[in-house]
Amino acid sequence: MALTPARTPPGVLELLPLDQIAFQDMLDTIRRNFERFGFLPVETPVFELTDILLTKEGGETERQVYFVQSTGGLEKGGTPELALRFDLTVPLARYVAEHEHDLNFPFRRYQMQRVYRGERAQRGRFREFYQCDIDVIGKDSLSVRYDAELPAVIYNVFRDLKIGPFTIQLNNRKLMRGFFENLGVADGEAQTLVLREVDKLDKRGADYVRDTLTGEAFGLSADVVRKILDFVAIRSTSHADALAHLAALGQGGDTFNQGVAELREVLELIRAFGVPEAFYALNLSIARGLDYYTGTVYETHLVEHPQIGSICSGGRYENLAGHYTKSHLPGVGISIGATRLYWQLREAGLIGTGTSTVDVIVTQMDEAELPRYLAIANELRAAGIATEVVLEPGKLARQFKYADRAGIRFALVLGSDEIARDAVQVKDLRRQEQFEVPRAELVKTLRVELEQAAAMAAR
RNA sequence: GUGGAUGUAGCUCAGCCGGUUAGAGCAUCGGAUUGUGAUUCCGAGGGUCGCGGGUUCGAAUCCCGUCUUCCACCCCA
């Protein structure tokens, strides 16, 4: 019989156990901080009704969505009834609209689940990946103060992930739109297109963007383009510098002035939220491609690894669920693409394999003593120590090799000698040390060893 | 979805002006006086050379097609 090659479809990230542990550690850190800031957990199904997901009718969305079809439906043909979610924001909108009367507003939710996009697979781009989102949804209105809270969450998350210095970069869509209006680019659609080009500044360089904007597609004058590029080049180097830049912008139209005022308030509050000023900055080139952002927008970059790009982004939107409810539900949210982040951190050497979740392995010296080994394991487990017992007889060398490859740090050895002395040999495979402890002190000793190991790992 | 490159062992690759049984390193598995791993030594398994067709006495090697993967664009986490 011909074998079917065992392989994953392209565009997925499947990990070996120790890597999976490292990835889960990352998710745990993110979740812990989301909860610390008082966000509530929500999970939604991987698939939604097709008409819910495709309300936007955007060609891009439809091209990237995976449809889900039952066998019966397949025979009937037509557009499938179900589709896989491609982000967590659309499901959130549906969720909030559906449960509107049972939710407490402002509604603060976090959600960490996989999403699916039918993209052409490429390095560091996935078709199945985790998003870790937090959003705050207001009823009728939502203070701009929440726009300042999210950077505080971001700061706490990435500080705890210990992946080096980073900058949360801020901009405001109102400021951008107001600025474009002043230049005569009044049409919303055109502004979006210009913003999208401006977003490529860091990647493609000023010359490319200048050529595009003065070219046929946009037809802007050289003077206007120069003003845009100068404006968009503004970056702050400190809190005071950011405020000075805002002050220097002067007055524009209503939209422009509102954008400036919002940015000023957000900046002031970010500081009050306790984010050190080295970790946030004004960057007027941050545009974000998504057209539903209406105010504050964020991107976060690692200072020492700019090639990684944004590791967390989001912003303010004026009305979350307009497709599903007449209620006006403004919100602000951010998203961490955990799968890509993990993958890139690993590529950059910033994250290694995890530590095995198994603390101790009980080796099998003497098959007849198996009940004794199992009793010890039960005692350790009761004390909260994750323990594995070797159940099949075999050479000790093999057992150690197994433990080593599994990344299990401590191995217990109990043969007739130790049993006679009522003692246990504890071998630390990492430090290549072995010592004997009285049987009665085993749990206490292992606890101390494990605490030390954890403390060393945390440094 | 558009354009460009790639394809030899599980992985990284060598072999390619056509010529005997296709190689290396790493990995895997086994052994080195029976209670100690990752280091050392010895040995073993593993490839219809992406797939199909063509040229030829003879193809991993040349030609055509096809698929795959990768890169860029689009878009984005």
Side-chain angles (χ1 to χ4, degrees), chain A residues 2-3 5-11 13 16 30 56 58-65 85-89 111-133 192-193 196-197 199-200 203-204 208 212 287-293 298-301 308-315 333-345 361 363-367 369 390 393-420 424-436:
Chain A
L3 294 175
R7 60 194 185 100
T8 54
L13 183 67
L16 292 173
I30 295 170
K56 266 203 238 164
E60 196 54 44
T61 304
E62 189 150 0
R63 211 180 79 191
Q64 295 203 336
V65 79
R85 60 175 172 225
F86 51 85
D87 71 6
L88 298 179
T89 305
Q111 187 170 356
M112 301 168 56
Q113 292 192 276
R114 288 195 262 218
V115 302
Y116 299 83
R117 287 188 197 175
E119 296 199 68
R120 197 135 169 171
Q122 236 171 78
R123 230 179 129 66
R125 311 189 64 173
F126 298 92
R127 302 199 297 176
E128 174 188 76
F129 58 95
Y130 271 90
Q131 284 198 328
C132 305
D133 280 27
T192 301
L193 291 174
R196 193 169 287 168
E197 289 309 312
D199 205 29
K200 294 177 185 166
K203 197 175 169 187
R204 297 297 198 73
Y208 172 86
T212 308
R288 302 269 72 227
L290 293 176
D291 43 10
Y292 57 75
Y293 292 127
Y298 322 95
E299 274 191 12
T300 302
H301 295 259
I308 288 182
S310 178
I311 56 177
C312 168
S313 46
I334 55 132
S335 176
I336 301 172
T339 302
R340 180 189 270 186
L341 175 62
Y342 171 80
W343 187 87
Q344 284 180 312
L345 291 177
I361 188 164
T363 60
Q364 186 179 134
M365 270 304 310
D366 181 356
E367 196 171 359
E369 296 293 347
V390 177
K395 286 182 164 185
L396 245 205
R398 275 187 83 66
Q399 298 182 33
F400 278 118
K401 195 170 176 177
Y402 170 83
D404 180 52
R405 296 178 53 162
I408 303 170
R409 180 157 181 179
F410 295 100
L412 305 186
V413 180
L414 278 103
S416 50
D417 297 355
E418 288 79 14
I419 291 171
V424 182
Q425 292 282 338
V426 177
K427 175 157 180 160
D428 181 336
L429 301 216
R430 177 93 47 86
R431 278 192 303 193
Q432 308 175 43
E433 286 173 5
Q434 185 169 331
F435 54 93
E436 186 170 296

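Model, not experiment: these values are computed from the prediction. Below, chains carry the letters A, B, ... as their sequence lines are ordered, and counting in each starts from 1.
The base-pairing partner of B/rA72, taking Watson-Crick or G-U wobble contacts with both distances under 3.5 Å, is B/rU2. Checking B/rG47 for Watson-Crick or G-U wobble geometry (two distances, each under 3.5 Å) identifies no partner in any strand. Here B/rG37 sits opposite no nucleotide as a Watson-Crick or G-U wobble pair (both hydrogen-bonding atom distances under 3.5 Å).
The gap from the C1' atom of B/rA5 to that of B/rG18 amounts to 25 Å, rounded to the nearest Å. When the C1' atom is used for both B/rG58 and B/rG54, the distance is 15 Å, rounded to whole Å. Nucleotides B/rU21 and B/rC49 place their C1' atoms 15 Å apart, quoted to the nearest Å. Nucleotides B/rU39 and B/rC29, compared at atom P, are 12 Å apart to the nearest Å. B/rG25 and B/rU20: their P atoms are spaced 22 Å apart (whole Å). For the P atoms, the distance from B/rG47 to B/rG1 is 35 Å, rounded to whole Å.
Sparse packing is recorded around CD of A/Glu367, with 12 or fewer heavy atoms of other residues, nucleotides or ligands lying under 6.0 Å away.
For A/Glu369 and B/rG35, the CD to C1' distance is 14 Å, given to the nearest whole Å. Rounded to an integer number of Å, the gap from NZ of A/Lys401 to P of B/rG35 is 18 Å. Between A/Arg340 atom CZ and B/rC75 atom C1' the separation is 10 Å, expressed in whole Å. Here B/rA38 presents its P atom at 17 Å from CZ of A/Arg430, a figure rounded to the nearest Å. Taking atom CG of A/Leu396 as the reference point, atom C1' of B/rG35 lies 5 Å away to the nearest angstrom. Counting to the nearest Å, the C1' atom of B/rG35 and the CG atom of A/Asp417 are 8 Å from each other.
Here A/Lys395 reaches the OP1 or OP2 of B/rA32: one of its side-chain N or O atoms lies under 4.0 Å away. When the side-chain nitrogen and oxygen atoms of A/Arg127 are compared with OP1 and OP2 of B/rC76, none of them lie within a distance under 4.0 Å. OP1 and OP2 of B/rA38 both lie 4.0 Å or more from every side-chain N or O belonging to A/Arg409. Taking 4.0 angstrom as the limit, A/Arg196 places a side-chain polar atom (N or O) nearer than this to OP1 or OP2 of B/rC75. Within the structure, a side-chain polar atom (N or O) of A/Arg398 is placed less than 4.0 Å from OP1 or OP2 of B/rG30.
For A/Lys427 and A/Phe410, the positive end is not near the middle of the six-membered ring at less than 6.0 Å and at most 45° from its axis.
Between A/Tyr208 and A/Cys312, the residue anchored nearer the 5' end of RNA chain B, judged by the nucleotide with its closest heavy atom, is A/Tyr208.
Counting non-hydrogen atoms under 4.0 angstrom, A/Arg117 reaches a base of the nucleic acid.
Stacking between A/Phe126 and B/rA77 is absent: the ring centroid is not both under 5.5 Å from the six-membered base ring centre and under 30° in plane angle.
A/Gln434 contributes a side-chain N or O that forms a donor-acceptor pair with the base of B/rU36 under 3.5 Å.
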